[in-house]
Protein chains: 2
Amino acid sequence: MRNKKKTTIKDIASVLNISPAAVSKALNDDSRISAKTKEAVKKVAKDLNYQPNHLASALRKGKSNLVGVIVPRTNSNFFSSVIQNIEEVLNKEGYNIIITQSNESYKKECSNIDTLLFTQVDGIIASMANETVKLDYFEKVKSKGIPLILFDRGENDLNVDYIGINDYDSSHMIVEHLVQQGCKRIAHIGGYRHTRIFNNRIRGYIDAIKKHHLPLDEALLIESSLTIEDGREKMTQLLALENRPDAVYVAGDYAALGSLQVLNENNINIPNDIALVGFGNEPFTSMVTPTISSIDQHSTEIGKQAALTFLERVNNPEIKQTLNKKILDAELIVRDSSNVKK
Amino acid sequence: MRNKKKTTIKDIASVLNISPAAVSKALNDDSRISAKTKEAVKKVAKDLNYQPNHLASALRKGKSNLVGVIVPRTNSNFFSSVIQNIEEVLNKEGYNIIITQSNESYKKECSNIDTLLFTQVDGIIASMANETVKLDYFEKVKSKGIPLILFDRGENDLNVDYIGINDYDSSHMIVEHLVQQGCKRIAHIGGYRHTRIFNNRIRGYIDAIKKHHLPLDEALLIESSLTIEDGREKMTQLLALENRPDAVYVAGDYAALGSLQVLNENNINIPNDIALVGFGNEPFTSMVTPTISSIDQHSTEIGKQAALTFLERVNNPEIKQTLNKKILDAELIVRDSSNVKK
DNA sequence: TATTTTTGCTTAAACGTTTAAGCAAAAATA
DNA sequence: TATTTTTGCTTAAACGTTTAAGCAAAAATA
């Protein structure tokens, strides 16, 4: 029963003795086709198991109804949640998404962009790889004239839509919370300064420290790749100081986890000896011992906003893309690692 | 400088005063085109920033060079690693992949299949949703005549290629390990029996228990959805027994984590009072306290094999698809949760 | 009833490639 | 030198849709 030859509009047309054009219009509910014909066409289409050829219609219409999504990795609660929400919004509007991952590599990101452009996507929603400094490939997307929406990891210089949280304020929230817990020497294991969001967190940290008249010690501000391993290393480095911090704010949950492991291994009481706060609210922060306080980035909202922003762009192509930031407030989830008991 | 009008083969042809056909052949390195012409064409293509229109070539060639991947969720180390390896192998052969997630829902899985078929993928590599019992949509893929490759969660009845680990033997490995640790009452929180892999784990558990002449108590064998929450619930249920188990083998790491939380909350010593083994080797198993022993499913190898199997199918379309299982041996990673100290 | 508008289609071309078939010129062979 | 083969292209059609333009018949309007 295997029907290798695919049913086309022409097959339906010849069954009903009408033109292929009429079939196409009937299937698309054109107002100039009679209800009777529409019904007949749809019945035959079903009987013949007709599946429209997306390639042909996309080619003819110059629109693929596909949206490309690029994330550093899918294996993260934040990104997979953003993706899920992008998908939900876009599916309703007849778009499908193609997910690709850069694995934090600039080279992979470039090849992802090429792949997506090659597939003729109608737009790209992306969060940039850690490695990415050169913006040439993203400029290429822009020059194609299709919408480019960035989230979380973006870049002002691209002058496109951006959805993210307020990293600067988040740092303030964290420092304030730690001060309230009685901490007086707060360290920051931050991300790479060249990435805007991490730079904002660092700036927020510095300003908040100044605001509260705490010591702003160079040794307490460390740049990191924010992997588990690097979190371990940087925490070890902090413990080696003669004047140890009494709180550490880590700009990523994975690095915070590495830090926590080192603290536990050294029998340091968390949060009484050293309090710990992470960033990202990954599920494991509430699984480990002690549970880690962290910043929730509202992935649901970011995903929805990214999708809606794309829709607005694609439906109003006459409006020129400009820098357009939507900044959401983040939320600090206080857990055991920074909840000093009285 | 925004060049809205895309460069086509015709543009290149008119610059060089040759036919579009010659340009197409030059770009595809056809042997009947002179080196001189090829060079000229490639230079002009680059100058005009020519990007081939994938839709047109796919339509004409009847081949999209896209492969669809369906996973229950991307937010899992196992699946994201499988995907990464599928991608690596297929990219080298000129294929790109489209990732979709079913969120363990049958309905979503069906719509994913429709999307992928609509996009004219050349094949589908999938791991089935927990919910899926009816195979009609997968039959639809088969009836299209494109390769269908299943991994991890598959179904014999579909008679297609399958790559997975030996679940039956894995259960034996786990029970044997627990027996060696001195455990005498081993419980199993298993997945849904209707899913083949979970059924195999259950069968393996039962046979291994019999083999070692241990008590096969109905109360010790529980079916579960294997979420964190359900793991908590089922472990609570086990603790309520008058004759508690001294070891619990959980068929999924998330549920194992829920179980671990309940044990910790009840101040039960792991592994001395109750030993615990999970399944899947998710990264968090080595992050929690105590670390959880688990089965590694060789995601790298599964991804590669799935991709290679697809390539073999697509390059040999004349060979009829039949049930063709590639079963890899899994590996038990022993950690603190089942390492009884002497 | 004569004219205008609407309905329900058809015809033909197009989207941007690829490819089978063919042909003249050049090169190789006899 | 005559014949055959190879080279390097062109021509034309096709993949499966969509859509602008058009036209006859039916319906609405004057």
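Numbered from 1 within each chain, the chains take letters A, B, ... in sequence-line order.
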inquiry  = Taking the cut-offs as 6.0 angstrom to the six-membered ring centre and 45 degrees off its axis, would you call Arg153(B) and Tyr162(B) a cation-pi pair?
reply    = no

request  = Could you state the atom-to-atom distance from NZ of Lys63(B) to C1' of dC15(D) in whole Å?
outcome  =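 Going from Lys63(B) (NZ) to dC15(D) (C1'), I get 16 Å.
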
ask   = Can you tell me how far P of dC9(D) sits from CD1 of Ile12(B), to the nearest Å?
value = 15 Å

Under 3.5 Å side-chain donor-acceptor pair for Gln120(A) and Ser64(A) =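 Gln120(A) vs Ser64(A): no donor-acceptor pair found between side chains.
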
request  = Tell me yes or no: between the side chains of Glu88(A) and Gln84(A), is some donor less than 3.5 Å from an acceptor?
outcome  = no

Could you tell me whether [X] contacts a base, only the sugar-phosphate backbone, or nothing, with contacts defined as non-hydrogen atoms closer than 4.0 Å?
X	value
Ile18(B)	sugar-phosphate
Ser24(A)	base
Ser19(A)	base

inquiry  = Return the pairing partner of dC23(D) with a 3.5 Å limit on both distances, Watson-Crick or G-U wobble; otherwise return none.
reply    = dG8(C)

request  = For Ser34(A) and for Lys61(B), locate the closest nucleotide of DNA chain C by heavy-atom distance; then report the residue assigned to the nucleotide nearer the 5' terminus.
outcome  = Ser34(A)

task = Report the C-alpha separation of Thr37(A) and Ser34(A) in whole Å, then their side-chain angles, then the decisive distance to 0.1 Å, and conclude whether the side chain to side chain donor-acceptor pair (under 3.5 Å) test is met.
result = CA-CA 5 Å; Thr37(A) 305; Ser34(A) 70; 2.8 Å; yes

request  = Give a yes/no on whether any side-chain N or O of Asn28(A) is located under 4.0 angstrom from OP1 or OP2 of dT18(D).
outcome  =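 For dT18(D), OP1 or OP2 has a side-chain N or O of Asn28(A) closer than 4.0 Å.
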
